[in-house]
Amino acid sequence: MNKRLLITIFILSLIVGLVGYFYFQLENKKQEVVFLDVGQGDSTLINLFGNNEVLIDGGPDESVLYGLGKFLPLYDRSIELMIITHAHDDHLSGLIEVLQRYAVKEILMTCDDKINSSIYNNFLELLKIKAVKIICAEENLTLDLKNAKLEIIYPSKNCDLCTAEPGGNNSSLVFKITLNNGQSFLFTGDIEAEAEEEILKSIHTVKLAADILKVPHHGSDTSLTEEFLQAVKPKEAIIFVGADNKFGHPSLRTIKRLERNGVEVKRTDLEGSIRYNE
Amino acid sequence: MKPRQVFLYFACLFTVGIAIKTFCILDLLYFFIMATLGVILAVIYWSNKWYRYLFLGAIFLFLGAWRFNLATPILDDYNLAFYNNSQIEFSGQILTEPEITEKNIKLKIKAQELFSTSGKKEIAGKILVNVEKYGLDWQDGDNVFIRCKIEPPGVIKSDDEYKKDFDYGKYLLVEHIRSVCYQPLVIKKINEQENKNILIKINRALIKARQKFKTIIDTNLSLPASGLLNAMLLDYRREITPELSLAFNKTGLTHIIAISGLNITLIATMLFELFVALGVKRKKVFWLAMLILTIYVLMIGAPASAARALIMSGIFLYALSSGRLSFAFNALMLAAVILLLINPYALIYDIGFQLSFLAVWGLMLFYEKISDWLKFFPDKFQIRSLLTMTLAAQILTLPVIIYYFGRVSLIAPVANILVVPVLSIMTLAGFALIGAGLIFGHLAFIVGIVLHVIMGYIIKVVEILSLIPGGSFTL
């Protein structure tokens, strides 16, 4: 090997090292919440300081992987916390893809053993294989996410709506995440009017208030009652919805209701992925 | 007439025989009568060399038609295709690795038994079955029971009015699939028994290896980079989004996302150099490289296209090394005849077959000339020879591509010059990633970051060039 080659290799690795170091520093300082455009389904990535990622739901297919590829730093192949709101395909399927490709450390879920679907069983099996630590959601449980706080609001321990349809819309996990800068997000899964009523009955409205609301059930007209919206009092609302979906989501009535209450509406079918960063 | 020319003449007639039989239902009897007449006339005019060969050619015309006839089953009530457009219950075996697509999983199934009110009977025929993507695990070799309304595969209408419709039926016919089941009412696995056949076991192990390699790529790269690498190294083509696929199409680079002669030649030359560097004797190098390539081709499990690529690039490499490029056409014709003997349907229905034949022919005709033009390029990492190959291969394939896909890419030469030179380093890094992933995960992670940059470059070039107005147009 000649001298020139050695010097070239040395300089090249120095450049790569430096660029890598600054890239790492830059990415490490980024903190953002991204509502991923996954078509007709939900998926939210919360990227906290210090490469601490939270993924809430995974959408219906591998679209979530393109989202992660775009919004996660190159070197980051891990998800610190995964959250599954309920067992429907448009929230769950993408998580199977994520589990197969990323190192997932913990998962927050309603540990309901009555859910019986082949996809859900497949998912549980994968969690076991990948040795993911399972955290069972309980009412009033608070998780410290370092630089953010997560409070679980629903479902309660003896939830009749959940036993009526295990893993169904009204068994969705509802929780609030508050970032250190005070910005708060309310995640509602696919709850419908009945579950909203249940929540309003059992929880003090102060606990519900949030800056940004993830509109329940893709903006369907069976969800988001006037009372619930007024309790949350969001400034902005996110609707996860696929273009030209067969369900006719979001309903015009829901959008009108949001606008009447002075809430700015953002939709993933119109805007693509929606980012909130400081 | 030299023997070389005689062979060429007979090979052409054999091909023509297949072509005639593919297009029209001219009874085999007529071909037989022609062949008999030919032999009689040849005997009469035996002393005249020209007439002798002219008439003997009728035999090869007949042989071509006969081969095609043998490959075409009689579609009676012992064949699955007989039941197209009706709801039936049958059992079968999954033939190949299930193909995971964006929306579902496609299973290629060989039918075994048909169940009806009058009992069960054995049937033949292959069918493509779409199943739900999540929930159940499917593997090749699984025995399944299906209830479904089966259909003949039709023409898939293109969303884009400028794009040609896709004839799914012809595409599937190459693999002798004459039925599809888009929505099985029931599909379940039955009596799973350990298969004792050694060939099936080897095939299983190869598929396992391929899946393991894919996992390594998937866990170290993110989409879309991982999808592109999976397609280029392992022939998993379904993870490329339609938008990216269109961009490749517009820039005339679709050939790099399929396992083609280019990839195989690339890997072959790399193996040559690796073995030479390791001190293996020159003579052994060729065979060692061919052995590894054969295993690779078997592993990526696309027998038809990959085997074809191997044969074609083998011929080209041989011709190149022996310095008789223009004379290698006979070898190419021989390869074509062998491939057509294996599957006569390939001639008319398999676009890949037509393209690879024309690509290699183009290489033989234009390689040296283009190589002269590109003298100014450095030949480090085979950059110049790769570029020459890509451009030469595209000259004859261009009309066929325009005919089938209706698109002309004017930007293609620029795109090829920008992208092809990084392919060798990409292939090298890709296999290094797989190797590192098998041994030590953290090492793979570092290689992964390098690959990210390379894949990012390819994707960016393709995306930007596809946006240039007038870069490509549809006919």
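Note on naming: letters A, B, ... go to the chains in the order of the sequence lines (proteins, then strands), and numbering restarts at 1 for each one.
More than 12 heavy atoms of other shown residues, nucleotides or ligands fall within 6.0 angstrom of atom CD in A/E271. A 6.0 Å sphere centred on CD of B/E132 holds no more than 12 heavy atoms belonging to other residues, nucleotides or ligands.
Options B/D218, B/D137, B/T215 differ in how many heavy-atom pairs under 4.5 Å they form with chain A, and the most are formed by B/D218.
Within the 4.5 angstrom heavy-atom criterion, no atom of B/I446 approaches chain A. B/T241 touches chain A through backbone and side chain together, each having a heavy atom under 4.5 Å away. Neither the backbone nor the side chain of A/N121 comes within less than 4.5 Å of any heavy atom in chain B. When heavy atoms are compared at a cutoff of 4.5 Å, A/E125 does not approach chain B at all.
Between A/R101 atom CZ and B/S222 atom OG the span is 9.5 Å, to the nearest 0.5 Å. Atom CD1 of B/I100 and atom CD of A/E62 lie 9.0 Å apart (nearest 0.5 Å). Between the CD atom in A/E97 and the NZ atom in B/K133 there is a gap of 4.5 Å [rounded to 0.5 Å]. Expressed to the nearest 0.5 Å, how far CG of A/L68 lies from CG of B/L223 amounts to 9.5 Å.
Each of A/I119, A/L92, A/D89 was compared with B/Y134 under the side chain to side chain contact (heavy atoms under 4.5 Å, CB included) criterion, and only A/I119 meets it.
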